[in-house]
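Naming: A, B, ... by sequence-line order, numbering from 1 per chain. Since the structure is predicted, the reported quantities are computational estimates derived from the model, not experimental observations.
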There are 2 protein chains.
Amino acid sequence: MKFSKATNYALHTMLFLAAFPPNKLIGVQQLAERQEVSPTYLSKILTKLVKAGMIESTSGANGGYRLKRNWEEISFLDVIHAIEGSASLFDCEMNHGSECLVQKVMVSAEEKMEDFLKNQKLSEIAKKMTVVL
Amino acid sequence: MKFSKATNYALHTMLFLAAFPPNKLIGVQQLAERQEVSPTYLSKILTKLVKAGMIESTSGANGGYRLKRNWEEISFLDVIHAIEGSASLFDCEMNHGSECLVQKVMVSAEEKMEDFLKNQKLSEIAKKMTVVL
DNA sequence: TCAATTATGGACTTTATGTGCCCATAATAA
DNA sequence: TTATTATGGGCACATAAAGTCCATAATTGA
């Protein structure tokens, strides 16, 4: 039961882009260097963010990534779901058909965490950060 | 990012024991049959609960497991920590030394979930359950 | 005391997933 | 056209979860 490193990379990348000059493109090379991760691996993660509609990419020389217009409303939870999926953290598997009380409690617990993460907007957190560009 | 099946088995076992006649011992065989899991695997999980001080075991014929005296105060979170450990769900690993804002947000989120689980006492949940002994 | 029963612990296999790399392909700019 | 950059498939490695097998210890009952 751990958040993946991929989620960590995704969150850091999004916050970095939030502090980066808007509309300016930045390549996966530079993003990868900052986080000390291989560009090939990071690019897989970025592709997921593209498909989730959070960032957009441009191929070719001087290409790269940048945030999409609606980025100010993107929350930590959105990023996490884009990388890890949105499935419940707890599967009961027993009690086929009938509802499981354990499951209900666990799902409620998970919702407490998600409600919090839903309110952590990238734009708000980025303001609090000191990013060295 | 998933809770393990082991945690599921542990929670179900604890709730079953809570609905079982107190002081009466029940063997791993019967507990395993209920949950459709192999007795050898379940016994590893039960040993963790014993070491965490939640249940006690007796070897030999007619031996088995039962709750310890303080069981009414045991929460879901206690059981989860006994099985999965108490480490944070999120490790930043970057920003050696300096604090990471992403890490702080994630830890806060985790605490929201844990605060909820801390208040879900086995005794309370067991009351709401219909267990067929 | 002996045999049956039950938990404990070590070592192992299997399976799944995360992490990371390599290379071919597509798209774009100079 | 060539250099650059993203995309995608496939492969390899590491790690952890899930589960098995067997030896050992403890306890009960005959």
Side-chain angles (χ1 to χ4, degrees), chain A residues 1-13 17 24-33 35-68 80 82-85 87 89-94, chain B residues 1-13 17 24-33 35-68 80 82-85 87 89-94:
Chain A
M1 173 76 165
K2 280 270 181 193
F3 284 99
S4 66
K5 288 186 181 184
T7 294
N8 192 7
Y9 295 140
L11 286 169
H12 275 87
T13 300
L17 290 177
K24 196 151 173 255
L25 293 165
I26 180 171
V28 71
Q29 289 288 347
Q30 298 162 69
L31 290 170
E33 278 171 20
Q35 309 190 44
E36 293 175 342
V37 59
S38 84
T40 43
Y41 184 45
L42 186 59
S43 78
K44 306 263 178 185
I45 295 165
L46 294 179
T47 298
K48 282 190 180 181
L49 297 177
V50 169
K51 295 199 169 158
M54 297 178 182
I55 60 178
E56 56 189 2
S57 65
T58 310
S59 290
N62 300 317
Y65 300 89
R66 69 181 161 202
L67 295 172
K68 292 195 76 169
I80 293 168
I83 304 299
E84 310 231 352
L89 302 185
F90 193 86
D91 294 321
C92 188
E93 296 179 356
M94 323 180 198
Chain B
M1 173 76 166
K2 279 270 180 191
F3 284 99
S4 65
K5 289 188 181 182
T7 294
N8 192 5
Y9 295 142
L11 287 169
H12 275 88
T13 300
L17 289 177
K24 196 152 174 252
L25 293 166
I26 179 170
V28 71
Q29 289 289 347
Q30 297 163 70
L31 290 170
E33 278 172 20
Q35 308 190 45
E36 292 174 344
V37 58
S38 81
T40 44
Y41 185 46
L42 186 60
S43 78
K44 308 263 178 189
I45 295 163
L46 295 178
T47 299
K48 282 190 179 180
L49 297 178
V50 169
K51 294 199 169 157
M54 297 177 181
I55 59 176
E56 56 190 0
S57 64
T58 311
S59 288
N62 299 318
Y65 300 88
R66 70 182 160 201
L67 295 172
K68 292 195 75 169
I80 293 167
I83 304 300
E84 310 232 352
L89 301 184
F90 192 85
D91 295 322
C92 187
E93 295 179 356
M94 323 180 197

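A straight line from CG of A:Leu46 to C1' of D:dG8 spans 14 Å, rounded to a whole angstrom. At whole-Å resolution of the value, CG in A:Asp91 and C1' in C:dT17 are 15 Å apart. Atom pair A:Leu49:CG and D:dT7:P shows a separation of 10 Å (rounding to whole Å applied). Taking atom CG of A:Leu89 as the reference point, atom C1' of C:dT17 lies 16 Å away to the nearest angstrom. The nearest whole Å value for the distance from the CD atom in B:Gln29 to the P atom in C:dA4 is 17 Å. If you measure from atom CG of B:Leu42 to atom P of C:dT8, you get 11 Å, rounded to the nearest angstrom. When the C1' atom of C:dA7 is taken as reference, atom CD1 of B:Ile55 falls 11 Å away, rounded to whole Å. For the pair B:Glu56 CD and D:dT27 P, the computed distance is 13 Å after rounding to whole Å.
Annotation for A:Phe3 and B:Met1: closest pair CZ-CE, 3.2 Å, computed over non-hydrogen atoms. Taking each heavy atom of B:Leu17 and B:Tyr65 in turn, the nearest pair found is CD2-O, 4.3 Å.
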Would you mind writing out the side-chain donor-acceptor pairs for residues 42-52 of chain A within the sub-3.5 Å range, not counting sequence neighbours?
residue, atom, partner, partner atom, Å
A:Ser43, OG, A:Thr40, O, 2.9
A:Thr47, OG1, A:Ser43, O, 2.8
A:Lys48, NZ, A:Ile83, O, 3.4

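At the heavy-atom level, A:Lys48 lies nowhere under 4.0 Å from the strands shown. A:Thr47 comes within contact range of the sugar-phosphate backbone alone, with a heavy-atom separation under 4.0 Å but no base atom that close.
For B:Asn62, the side chain to side chain contact (heavy atoms under 4.5 Å, CB included) test picks out no residue, with sequence neighbours left out. For the side chain to side chain donor-acceptor pair (under 3.5 Å) test, residues two or more places apart in sequence or in another chain that qualify with B:Ser4 are B:Thr7, B:Glu84.
Sequence neighbours left out, the pairs with a member in residues 53-68 of chain A that pass salt bridge (Lys or Arg N to Asp or Glu O under 4.0 Å) are A:Glu56-A:Arg66, A:Glu56-A:Arg69.
In this structure, the side chain of B:Asn8 engages the main chain of A:Asp91 through a donor-acceptor pair within 3.5 Å.
Here CD of A:Gln29 is found 9.5 Å from OG of A:Ser38. Values are rounded to the nearest 0.5 Å. Between atom OG1 of residue B:Thr13 and atom CD1 of residue B:Ile26 there is a gap of 9.0 Å, rounded to the nearest 0.5 Å.
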For nucleotides 16-24 of chain D, print each protein N/O atom paired with a nucleotide N/O atom at under 3.5 Å, atom names and distance only.
residue, atom, partner, partner atom, Å
D:dA18, OP1, B:Lys5, N, 2.9
D:dA18, OP2, B:Lys5, N, 3.3
D:dT20, OP2, B:Ser38, OG, 2.5

Collect all protein-nucleotide pairs involving nucleotides 27-30 of chain C in which both atoms are nitrogen or oxygen and the distance is under 3.5 Å.
none

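Phosphate proximity of C:dG18 to B:Lys2: absent, as no side-chain N or O sits under 4.0 Å from OP1 or OP2.
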